[in-house]
Amino acid sequence: MHPIRPARASDLQRIAEIYIFNYRLNFYPIFRDDEYYFTQLQVPSLTEEFLKDSEFLRSTYVYDDGAVKGFIQTDHGEIRKLFVEPVLQGNGIGTLLLEFAVREKDARSLWALEKNTRAIVFYQRHGFRLTDEKKPEDDTSEYLVKMLR
């Protein structure tokens, strides 16, 4: 059985956990917003948000080998989100999800936080390159950089 499949409503709580763990690990050190990362960003409210977003389930795929360990969200050839359970990073799950999106969803672009060098290096190892295109991250002084494959 292939470990990558479309996300289901029953996966949303697990997806929210992975999302929150990654946001706290990768973005809290940059933004340092206690209110957002430790009060607003909670599994129940994020799960509800995902449930209300009709596009989220249609555009999200999970890595599930008996447990959901990562997910990728794509939209019209753009990677929106790619997160793997932090304790499982470095085991090829992110690579499999990314290769799936490139092969099956024709994913050719993404926006990465400029200071998230770990993610940028990961995408570069998989054939994405930085462009000169940047845009401000909403409600912050940080920038997103566009990457293309």
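As a basis for the values below, the full set of heavy atoms in this structure was taken, side chains included, without hydrogen atoms, waters or symmetry mates. Just so you know, residue 1 is the first one in the sequence shown, and it goes up from there. Quick caveat: nothing in here was measured; it's all calculated off a predicted structure.
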Quiz prompt | Over 12 non-hydrogen atoms of neighbours within 6.0 angstrom of CZ in Arg118 | solution = no
Quiz item: Is the gap between the ring centers of Phe100 and Tyr63 under 6.0 Å?
Solution: no
Quiz item: Taking NZ, NE, NH1 and NH2 as the nitrogens, is one of them in Arg5 or Asp11 under 4.0 Å from a carboxylate oxygen of the other?
Solution: yes
Quiz item: How far does CG of Leu144 sit from CD of Glu137, to the nearest 0.5 angstrom?
Solution: 4.5 Å
Quiz item: With a 4.5 Å limit on heavy-atom distance, are the side chains of Val62 and Ile15 in contact?
Solution: yes
Quiz item: When rounded to the nearest 0.5 angstrom, what is the spacing between CG in Leu130 and CD in Glu114?
Solution: 9.0 Å
Practice problem: Test side chain to side chain contact (heavy atoms under 4.5 Å, CB included) on Leu148 and Lys146 and set out the steps. | Solution: CA-CA 7 Å; Leu148 295 175; Lys146 188 165 192 172; 3.9 Å; yes
Self-check item: Ring-ring centroid check Tyr37 Phe27, cutoff 6.0 Å
Solution: no
Quiz item: Taking atom OG1 of Thr74 and atom CG of Leu110, what is their separation to the nearest 0.5 Å?
Solution: 12.0 Å
Exercise. Establish whether Leu113 and Leu41 are linked, either directly or via other cluster members, by ILVMFWY side-chain heavy-atom contacts under 4.5 Å.
Key: yes
Quiz item: Is the number of heavy atoms from other residues, nucleotides or ligands under 6.0 Å of Phe38 CZ greater than 12?
Solution: yes
Practice problem: Tell me yes or no: between the side chains of Asp34 and Gln40, is some donor less than 3.5 Å from an acceptor? | Solution: no
Quiz item: So, Tyr143 and Lys115: side-chain donor and acceptor under 3.5 Å apart, yes or no?
Solution: no
Quiz prompt | Donor-acceptor contact present, side-chain Asn22 to main-chain Val84, <3.5 Å | solution = yes
Quiz item: Rounded to the nearest 0.5 Å, what separation is found between the NZ atom of Lys81 and the CZ atom of Phe83?
Solution: 6.0 Å
Practice problem: Please check if Ile79 and Tyr23 belong to a single hydrophobic cluster, counting links between Ile, Leu, Val, Met, Phe, Trp and Tyr side chain heavy atoms closer than 4.5 Å. | Solution: no
Quiz item: If we ignore angles and hydrogens, is there a donor and acceptor under 3.5 Å between the side chains of Ser59 and Gln73?
Solution: yes
Quiz prompt | From OG1 (Thr60) to CD1 (Ile72), nearest 0.5 Å | solution = 9.5 Å
Quiz item: Can you list the steps and then say if Asp64 with Arg14 is a salt bridge (Lys or Arg N to Asp or Glu O under 4.0 Å)?
Solution: CA-CA 11 Å; Asp64 178 1; Arg14 181 70 186 115; over 6 Å; no
Exercise. Report yes if the side chains of Val102 and Phe128 come closer than 4.5 Å at any heavy-atom pair, otherwise no.
Key: yes
Quiz item: If you measure from the Lys or Arg side-chain nitrogens to the Asp or Glu carboxylate oxygens, is any gap between Asp106 and Arg108 under 4.0 Å?
Solution: yes
Practice problem: List the steps and the verdict of side chain to side chain contact (heavy atoms under 4.5 Å, CB included) for Val68 and Ile18. | Solution: CA-CA 9 Å; Val68 173; Ile18 293 168; 4.2 Å; yes
Quiz item: Short question: side chain of Arg149, backbone of His126 - any donor-acceptor pair under 3.5 Å?
Solution: yes
Exercise. Apply side chain to side chain contact (heavy atoms under 4.5 Å, CB included) to Leu82 and Leu98, showing your working.
Key: CA-CA 8 Å; Leu82 170 56; Leu98 184 59; 4.2 Å; yes
Quiz item: For Leu46 and Tyr19, which heavy atoms make the closest approach, and how far apart are they?
Solution: CD2-CD2, 3.1 Å
Quiz item: So with a 6.0 Å cut-off around CD of Glu99, is the heavy-atom count from everything else above 12?
Solution: yes
Exercise. Find out whether Trp111 and Val145 are in side-chain contact, i.e. whether some heavy atom of one side chain is under 4.5 Å from a heavy atom of the other.
Key: no
Quiz item: Taking C-beta and beyond as the side chain, do Leu51 and Leu12 meet within less than 4.5 Å on heavy atoms?
Solution: yes
Quiz item: Are Leu96 and Tyr123 connected, step by step, through hydrophobic side chains (Ile, Leu, Val, Met, Phe, Trp, Tyr) whose heavy atoms are closer than 4.5 Å?
Solution: yes
Quiz item: Between Phe56 and Leu97, is there a shared hydrophobic cluster once you connect ILVMFWY residues whose side-chain heavy atoms come closer than 4.5 Å?
Solution: no
Practice problem: Would you confirm whether Ser45, through its side chain, and Gln42, through its main-chain N or O, come within 3.5 Å as a donor-acceptor pair? | Solution: yes
Quiz item: From Asn116 CG over to Asn26 CG, what is the distance, rounded to the nearest 0.5 angstrom?
Solution: 5.5 Å
Exercise. Could you list the residues that satisfy ring pair (Phe, Tyr, Trp, His ring centres under 6.0 Å) with Phe21, not counting sequence neighbours?
Key: none
Self-check item: salt_bridge(Arg58, Glu55) N-O dist < 4.0 Å
Solution: yes
Practice problem: Mind running side chain to side chain contact (heavy atoms under 4.5 Å, CB included) on Met147 and Ser109 for me, showing each step along the way? | Solution: CA-CA 6 Å; Met147 299 186 78; Ser109 69; over 6 Å; no
Quiz item: Thinking salt bridges, do Lys135 and Glu142 make one under a 4.0 Å N-O criterion?
Solution: no
Exercise. I would like to know whether Tyr36 and Tyr28 meet ring pair (Phe, Tyr, Trp, His ring centres under 6.0 Å); could you show each step before the answer?
Key: CA-CA 9 Å; Tyr36 177 71; Tyr28 177 77; over 10 Å; no
